[in-house]
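A short worksheet on the structure shown next.
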Amino acid sequence: MVNLKILVSNASVGCIIGKGGRTISEIQADTGAKVVVSRSNEFYPDAIGNKDRVVLISGDVAEIVKGLTAVLDKLQQEEGSAAVVVRLLVHMRLCGALIGKNGSTIKSLSEQGGESVSVKVGSPPVGVPGLHERVVWVESSDPDPVAQTVGAILNTLLETPQSASLMDDVVNYGSANHHHHHHHAPADNGGEMHEVHLNVPESRAGAVIGRNGHVMTGIQDLLGVTMSMSKKGEFVDGTEDQRKCTIKGHAEKAVELAERIVQLKIEGVI
């Protein structure tokens, strides 16, 4: 079972659900995909307070593409817009695989969709503790190439070893503080230790470590976390060039911030 999460404005989501849930039931019956919408009072948390609901489409990739196409058709009819825009939620630890070295993967995905398709990855979340997803925009004038491009994105993400645990089915975020994928290990002082693992391409490991380790040392000193990187040539199981970066700390927010800094280093943003 594969999970795809998209954002839909609260004002438009009714056309997907239908009266008494009739439309959403028809979409599921016609496409084989499972479609779930977050509760009416549950909006996706962000720093500026947008009222977006989360729509979860689950199944195999082919079923998801069919389900998404049906959802987009309904939204286009409702909104009357010439452009078809999908906002995907993708865990920030998967975005490196989606972007690719120097943006090569995301460029290829855009090209596969045709000249009319645009794919863009938003910035890491800020201002909302516990939120680990980035918004990915896929845009075109036609629902079909958008849905097909999303299918290609899903196939790309599924090649990542962490995808099984990071492509979850959470739709009701509440404060978002419960939504994380950190491993909690017992701390030496009896408290709780927060721990995350990131895949770092060999080509970007130097940027994360820094000359004589000064980047990692600086992050540790600034945030009070501990960091380690697997040795050169020691790669994450199932990969050929991904080293494992481990971040640990007693303060969850500090670990989250360190994770975001490393992700930005991987992508060459900072």
Are the side chain of [X] and the backbone N or O of [Y] linked by a donor-acceptor pair below 3.5 Å?
| X | Y | value |
| --- | --- | --- |
| R134 | L88 | no |
| S12 | S9 | no |
| T31 | A33 | yes |
| D60 | A62 | yes |
| Q220 | M227 | yes |
| S104 | G100 | no |
| N3 | S58 | no |
| D142 | D144 | yes |
| S230 | K244 | yes |

Gap between atom [atom2] of [Y] and atom [atom1] of [X] - 0.5 Å precision:
| X | Y | atom1 | atom2 | result |
| --- | --- | --- | --- | --- |
| Q242 | I266 | CD | CD1 | 8.0 Å |
| L198 | R93 | CG | CZ | 5.5 Å |
| I247 | E195 | CD1 | CD | 10.0 Å |
| S163 | H91 | OG | NE2 | 12.0 Å |
| I219 | I261 | CD1 | CD1 | 5.0 Å |
| H194 | E252 | NE2 | CD | 4.5 Å |

Between [X] and [Y], which heavy-atom pair has the shortest distance, and what is it?
| X | Y | result |
| --- | --- | --- |
| K74 | C15 | O-SG, 3.6 Å |
| V255 | G249 | CG2-N, 3.5 Å |
| E202 | G233 | OE1-N, 3.9 Å |
| T239 | P161 | CG2-CG, 3.6 Å |
| G151 | V61 | O-CG1, 3.8 Å |
| A258 | V225 | CB-CG2, 4.2 Å |

With a 4.5 Å heavy-atom cut-off, do [X] and [Y] have their side chains touching?
| X | Y | value |
| --- | --- | --- |
| C245 | H197 | no |
| L75 | I16 | yes |
| M229 | V208 | yes |
| T149 | Q112 | no |
| T105 | I99 | no |
| E139 | V117 | no |
| V86 | W137 | no |
| L109 | L98 | yes |

If you draw a 6.0 Å radius around [atom1] in [X], do more than 12 non-hydrogen atoms from other residues or ligands fall strictly inside?
| X | atom1 | result |
| --- | --- | --- |
| D237 | CG | no |
| E234 | CD | yes |
| D221 | CG | yes |

If you apply the rule side-chain contact (heavy atoms from CB on, under 4.5 Å), what do you find for H132 with E256, and how did you get there? CA-CA 8 Å; H132 298 276; E256 290 174 359; 3.7 Å; yes
Evaluate the criterion salt bridge (charged side-chain N to carboxylate O under 4.0 Å, His left out) for residue pair R22 and E26; output intermediate values, then yes/no. CA-CA 6 Å; R22 180 177 178 179; E26 290 175 349; 3.2 Å; yes
Step by step, would you call I6 with L89 a side-chain contact (heavy atoms from CB on, under 4.5 Å)? CA-CA 6 Å; I6 67 173; L89 294 177; over 6 Å; no
Treat each ILVMFWY residue as a node, draw an edge where side-chain heavy atoms are under 4.5 Å apart, and state whether [X] and [Y] are in one component.
| X | Y | answer |
| --- | --- | --- |
| V35 | V146 | yes |
| I209 | V196 | yes |
| L154 | V119 | yes |
| L94 | F235 | no |
| L223 | L264 | yes |

Salt bridge present between D168 and K5 (N-O < 4.0 angstrom):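 Salt bridge: yes.
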Among E259, R260, E267, which residue meets the side-chain hydrogen bond (donor to acceptor under 3.5 Å, both in side chains) test with Q263? E267
With Y44 as partner, the option from R53, R87, E133 fulfilling side-chain hydrogen bond (donor to acceptor under 3.5 Å, both in side chains) is E133
Take V37 and V54 through the side-chain contact (heavy atoms from CB on, under 4.5 Å) test and state the conclusion after the steps. CA-CA 6 Å; V37 180; V54 178; over 6 Å; no
Only one of I57, N155, L158 passes side chain to side chain contact (heavy atoms under 4.5 Å, CB included) with V2, and that residue is L158
Show your working on side-chain contact (heavy atoms from CB on, under 4.5 Å) between V215 and K265 and close with a plain yes or no. CA-CA 10 Å; V215 172; K265 283 287 185 183; 4.0 Å; yes
